[in-house]
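All chains are named by letter (A, B, ...) in the order of the sequence lines, taking the proteins before the strands, and each is independently numbered beginning at 1. Everything numeric in this text was worked out from a predicted model, so none of it was measured.
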Amino acid sequence: MKRYFLVDCNNFYVSCERVFNPKLHNKPVVVLGSNDACVIARSNEAKALDIAMGAPAFECKELFKKHNVIVYSANFALYGDMSNRVMQTLTHYATDIEIYSVDEAFLCAPHYAGPENQEQYFYYSYATMLRSHTHQYTGIPVSIGIGPTKTLAKVANKLAKKYKKLNGVFDITDHPALDTILASIAIEDVWGIGSRYAKKLRNHHITNAQEFKYTDEKWVRKNMTIVGLKTLYELRGISCFPLEESPQPKQSICVSRTFGKKINNILSAKEALASYVSCAAEKLRKQQTLTAHITIFALTNRYDDPHNYFRSAHCQLPIATDYTPQLITAANRCLEQIFKRTYQYKKVGVILSDLVPHDFRQMNITTPPLHNIIKQNKQMETIDRINTKWGRNTLFFAASGIEQPWKMHQAHKSACFTTNWHELLTITI
DNA sequence: TCTGGGGTCCTAGGACCC
DNA sequence: TCTGGGGTCCTAGGACCC
């Protein structure tokens, strides 16, 4: 039977920090998200202290102090690079692989042609090998779940993480106690069932994965769309979510950040927005696409005014483009439409959509002359090349401002050990 | 009082994931 | 005082067409 492997890095961001600072082992460690606002990763020791995922940092202050919890600001350059190393290692061993997120990959093992009674053992050994090699080559510990569908591999992974005696690998394929295992998985912990559906299902007296597995298909189709029905089939061992090996170009690109402090003047907001637009345009060019539609949004504090904290504006561009100055101009125009001086803003963002491959550039009567476009392309290529070689924002647009008072706070950030020559780890003997 | 039927496209909103 | 960021997919309903 075909098996899906789900390789999941343990407490990924914390594990990345531990690779470069071994003193962090066996201690409670947390990583905070942007502006050091809330907890986005926890070591097992921190989980044992009941520090919740997404908990606001200010609510945990006492707890951190009391238990000497070590706190880091998110270092996404480091985590991104460590993720690449893990995925490269896995790609080396797997025949088919889908990189699902920064810390997870689905993959399939090489075809097994030996005696049937040793098949299970073959896959188990393969997973154990993957696990130890990933740890050896990257320093990152992983857990591996194996199952006949992705959803069941997810369940298996959960168990591999939960029970230490499994040594980080669990195969749920043809398991004699499958239904008992599923009965121990709360409905909201099933992959594809979020809080809304979980609530709906609980109201319908379905509380765990096993009960959901045997729920009436028609009811599920009606109340949870085709996607919910696929999840149900997957729990029954019928694969509905195939491995997606070649990553598709993104259909939209969004960049937004919460400010380090609130802003009520449009000049600062425009600077921040210009900086996010530059970042989004860079992503656009990286995947070789153009955008024809730009949306910008601005948020005030949603806890102060839950019904009226979000405003957005959008505009269609005359022709698809990836030219940063043109996008900044369009973004500014949109911002002017919605910005109110009397408000305290805490965040702005940009979404680029209607993305098309850049060699499909559609010309029309307003298209600037070809030599202009060639010149613009050269400018952008040069900027991207310099920033790739010498680090992000070596060259930036003056529209992003110099002082950047809106920039986020990160008080406890580790060094970019693997992506910045000036921050390499030094070892003194 | 009667006021078609079937199709496509677009958008907003709601659900989910990490 | 402080409560993240970046994506995808599906569906219902309205606009529009013949």
Using the ring centroid of each side chain, check whether A:Phe297 and A:Phe310 are separated by less than 6.0 Å.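 Between A:Phe310 and A:Phe297, which both carry aromatic rings, the centre distance is below 6.0 Å.
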
Start at the 5' end of DNA chain C and walk down; is the nucleotide closest to A:Thr225 or to A:Gly33 reached first? A:Gly33

Want to settle it: does A:Arg221 or A:Ser252 sit nearer the 5' end of DNA chain C, counting the closest nucleotide to each?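 The residue whose closest nucleotide sits nearer the 5' end is A:Ser252.
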
Given [options], which nucleotide is nearest the side-chain atoms of [X]?
{"X": "A:Ser256", "options": "C:dG5, C:dG4, C:dC10", "value": "C:dG5"}
{"X": "A:Trp191", "options": "C:dG5, C:dT11, B:dC17", "value": "B:dC17"}
{"X": "A:Val227", "options": "C:dC10, B:dC17, C:dT3", "value": "C:dC10"}
{"X": "A:Ser34", "options": "C:dC10, C:dT3, C:dG5", "value": "C:dG5"}
{"X": "A:Val255", "options": "B:dA15, C:dG6, C:dT3", "value": "C:dG6"}
{"X": "A:Tyr197", "options": "C:dC10, C:dC2, B:dA15", "value": "B:dA15"}
{"X": "A:Thr258", "options": "C:dT3, C:dC2, C:dC9", "value": "C:dT3"}
{"X": "A:Phe58", "options": "B:dC18, C:dG5, C:dT3", "value": "C:dT3"}
{"X": "A:Cys38", "options": "B:dC16, C:dT11, C:dT3", "value": "C:dT3"}
{"X": "A:Ala37", "options": "C:dG4, B:dC17, C:dG5", "value": "C:dG4"}

What integer distance in Å separates [X]:[atom1] from [N]:[atom2]?
{"X": "A:Gln410", "N": "C:dG5", "atom1": "CD", "atom2": "P", "result": "11 Å"}
{"X": "A:Glu244", "N": "B:dC17", "atom1": "CD", "atom2": "P", "result": "16 Å"}
{"X": "A:Glu104", "N": "B:dC17", "atom1": "CD", "atom2": "C1'", "result": "9 Å"}
{"X": "A:Asp189", "N": "B:dC18", "atom1": "CG", "atom2": "C1'", "result": "15 Å"}
{"X": "A:Arg257", "N": "C:dG4", "atom1": "CZ", "atom2": "P", "result": "14 Å"}
{"X": "A:Lys158", "N": "B:dC18", "atom1": "NZ", "atom2": "P", "result": "8 Å"}
{"X": "A:Leu32", "N": "C:dG4", "atom1": "CG", "atom2": "C1'", "result": "11 Å"}
{"X": "A:Arg196", "N": "C:dC9", "atom1": "CZ", "atom2": "C1'", "result": "16 Å"}

Ring of A:Phe241, cation from A:Lys150 - is the NZ or CZ under 6.0 Å from the centre and inside 45° of the axis?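 No.
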
Using a cut-off of 4.0 Å on non-hydrogen atoms, how would the nucleic acid contact of [X] be classed: base, sugar-phosphate, or nothing?
{"X": "A:Val190", "result": "sugar-phosphate"}
{"X": "A:Glu59", "result": "nothing"}
{"X": "A:Lys154", "result": "sugar-phosphate"}
{"X": "A:Asp103", "result": "sugar-phosphate"}
{"X": "A:Ile193", "result": "sugar-phosphate"}

Does a nitrogen or oxygen in the side chain of [X] sit under 4.0 Å from OP1 or OP2 of [N]?
{"X": "A:Lys262", "N": "C:dT1", "result": "no"}
{"X": "A:Lys346", "N": "C:dT3", "result": "yes"}
{"X": "A:Lys283", "N": "C:dG7", "result": "yes"}
{"X": "A:Gln248", "N": "C:dT8", "result": "no"}

P atom, B:dC17 versus C:dT3: distance in rounded Å? 25 Å

Any donor-acceptor pair under 3.5 Å linking the side-chain atoms of [Y] with those of [X]?
{"X": "A:Tyr72", "Y": "A:Asn21", "result": "yes"}
{"X": "A:Asp179", "Y": "A:Tyr214", "result": "yes"}
{"X": "A:Asp354", "Y": "A:Gln316", "result": "yes"}
{"X": "A:Ser143", "Y": "A:Asp8", "result": "no"}

Using both distances under 3.5 Å as the test, list the Watson-Crick or G-U wobble partner of C:dC18, or none. B:dG5

Taking 4.0 angstrom as the limit, do A:Lys200 and A:Glu188 come out as a salt bridge?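 A salt bridge is absent here (no side-chain N lies under 4.0 Å from a carboxylate O).
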
